[in-house]
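Encoded as C-alpha cells, the structure appears first; notes follow it.
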Amino acid sequence: MYAQMVKSEATNEDPEMLAAFQARIDAGERIEPKDWMPEGYRKTLIRQIGQHAHSEIVGQLPEGNWITRAPTLERKAILLAKVQDEAGHGLYLYCAAETLGVTRDDLTEQLLSGRMKYSSIFNYPTLTWADIGAVGWLVDGAAIMNQVPLQRTSFGPYSRAMIRICKEESFHQRQGYDLIRKMAEGTAEQKAMAQDALNRFWYPSLMMFGPSDKDSVHSTQSMAWRIKINTNDELRQKFVDQTVPQAKFLGLTIPDENLKWNEDKQGWDFSEPDWSEFYEVLKGNGPCNTDRIEARQKAWRDGAWFRDGLMGHAKKAEARRNAGRIAAE
Ligand code: 3HC
C-alpha cells in the first residue's frame, strides 16, 4: 500500500528503491541527507521545513513590536530572549533545509515573492500587552503540541532541530502563561484585556494545526513517510484538551459556546475555526499579511550591504588561501 502511494509521488523512480526506502521508514530509521530518497520526500521536506523556518522568522514581528513597550525591565528581558530564540529556531530549520540542496536565499526569495507560506497565526496583530501573553500561552503552546511529535520525524536534520527547539519552546509557553495569569489575577481592566486576547487568539491558534483532516492535502503521504507523526485534527484536539483547563484555572472563558466535555472520548467537543477565514489568510487577505511581508522585504533590502560585505570578505579570504596553496606547490 505504501509503495503505491510513494510511487505516485516518486514518478519514474525504481520501485525496488522505493520499497526499500519505505521499509527503512516503517522500521523507524532516520533518513540522512546523503541517503537516497524519493524526490517527493525531498520536496515535501523542503516545503514543510522551509515554511516552518519562515514561521519562526516572521513570528518575531508581532512580539518584536512590544519589546520597546514592555511594562517592566524583567518583561522586556524575557521578550528579548524569546524573540532572539525564534531567530535561532529559524536558523536551525534553514540549516536543516539546506541539507536537502536548497539555499536559504532560495527559500527567502520564495517567501518574499509569496510562493512559500509561513504560519497563518502571524498575520494577526498584537494589539495589547495581554496579546503577548496569549501568543506565548496559545501560539507557542500550539507550536509545542505540533513540534514535540516532530522530534521523531524520519528526516535526521529536522528531528535534531526539533529536539533543540522544543527545549526552548517550553520556556516560551510558560512565560506567556505567567504573563496572562498575572493579568487575569490583576485589576478588572487587566482581566478584561486577558479575556479579549483569548477571544482574538483562540480560533487563529486552532488554525495553526492546519485544515481538518478531510481537507488536508499532504497528511496521508507525509504520515506514510513519517514526516508528520500525527494528523492535524489529533493535535488540535490535544491542544484544546490541554488548554481548556488552563483557561478555567485563570477564570477566563474560551470563546466557544459549543465547548462541552465528551465523556465517551474523554476530551472536549469544540467548534471548528472559520475555515473560510483561514483560506482567506492563506491567500494573503489576513489583517497583517501585507505588513509582515513588507517588513521582511525591507529587512532583506536593508541587509544587502551586510551580505555583500560578508561575501566580499569570504571571496578575499578564498583568494588568499588559493594564492597560498599555489605558492606552496
Ligand atoms: N498556516 C499557513 N499555511 C498552512 C497552515 C497554517 N496554519 N496550515 C496548513 N497550511 C497549508 C499547508 O502548508 C499546505 O499548503 P502548501 O501545500 O502550499 O504547503 C495547505 O495548507 C494544506 O495543509 P496540509 O495539512 O495538507 O499541510 P501539512 O501536511 O504541511 O500540514 C502543518 C500543515 C501542520 C503546519 C505542517 O506543515 C507542520 O506540522 N509544519 C511544521 C510545524 C510548523 O510549521 N508550525 C508553524 C508554526 S511555528 C511557530 O509557531 C513558531 C513558534 O516559535 C511560535
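Scope of the values below: all heavy atoms of this structure, side chains included, with no hydrogens, waters or symmetry mates. Atoms within each ligand, like the ligands themselves, are counted from 1 in listed order.
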[atom]: which of [options] has the nearest heavy atom?
atom: atom 18 (O) of ligand 1; options: Lys117, Met223, His172; value: Lys117
atom: atom 22 (C) of ligand 1; options: Ile229, Leu282, Val217; value: Val217
atom: atom 54 (C) of ligand 1; options: Ile227, Asp140, Leu206; value: Asp140

Per-atom contacts, ligand 1 versus [X] - under 4.0 Å to a heavy atom:
X: Gly210; answer: 8 (N), 9 (C)
X: Leu150; answer: 41 (C)
X: Tyr118; answer: 1 (N), 2 (C)
X: Met207; answer: 7 (N)
X: Lys228; answer: 25 (O), 28 (P), 29 (O), 31 (O)
X: Tyr158; answer: 41 (C)
X: Phe122; answer: 50 (O), 54 (C)
X: Glu169; answer: 52 (C), 53 (O)

* Could you tell me whether atom 32 (C) of ligand 1 has at least one protein heavy atom nearer than 4.0 Å? =>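 No; the ligand atom in question lacks any protein heavy-atom contact below 4.0 Å.
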
* Asked: Would you say atom 20 (C) of ligand 1 has a protein heavy atom nearer than 4.0 Å?
  ->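 Given the 4.0 Å cut-off, atom 20 (C) of ligand 1 does not count as touching protein heavy atoms.
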
* Asked: Has ligand 1 got any nitrogen or oxygen that is less than 3.5 angstrom from a nitrogen or oxygen of Lys82?
  ->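 N/O-N/O distance below 3.5 Å does not exist for this pair.
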
* To do: Before signing off on this row, confirm whether Gln51 and ligand 1 have an N or O atom pair separated by under 3.5 Å.
  =>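 Gln51 vs ligand 1: N/O contact under 3.5 Å present.
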
* Give every residue pair that meets the side-chain hydrogen bond (donor to acceptor under 3.5 Å, both in side chains) criterion with at least one member in residues 318-329, sequence neighbours excluded. =>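 Sorted pair list: Glu318-Arg321, Asn322-Arg325.
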
* atom 23 (O) of ligand 1 - nearest protein heavy atom and its distance ->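 Scanning the protein heavy atoms, the shortest distance from atom 23 (O) of ligand 1 goes to Pro211 CD, 3.5 Å.
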
* To do: Answer with yes or no whether the hydrophobic clustering places Ile180 together with Val240; edges join I, L, V, M, F, W, Y residues whose side-chain heavy atoms lie under 4.5 Å apart.
  =>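 Result: yes, single cluster for both.
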
* Tell me whether the guanidinium CZ or amine NZ of Arg307 lies under 6.0 angstrom from the six-membered ring centre of Trp300 and within 45° of its axis. =>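 Satisfied, under 6.0 Å and within 45°.
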
* Hey, are the side chains of Gln175 and Arg75 touching, using non-hydrogen atoms and a 4.5 Å cut-off? ->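 Yes, close enough: below the 4.5 Å cut-off.
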
* **Contacts of type salt bridge (charged side-chain N to carboxylate O under 4.0 Å, His left out), residue Asp196, not counting sequence neighbours** =>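 With sequence neighbours excluded, Asp196 shows a salt bridge (charged side-chain N to carboxylate O under 4.0 Å, His left out) to Arg200, given in chain and number order.
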
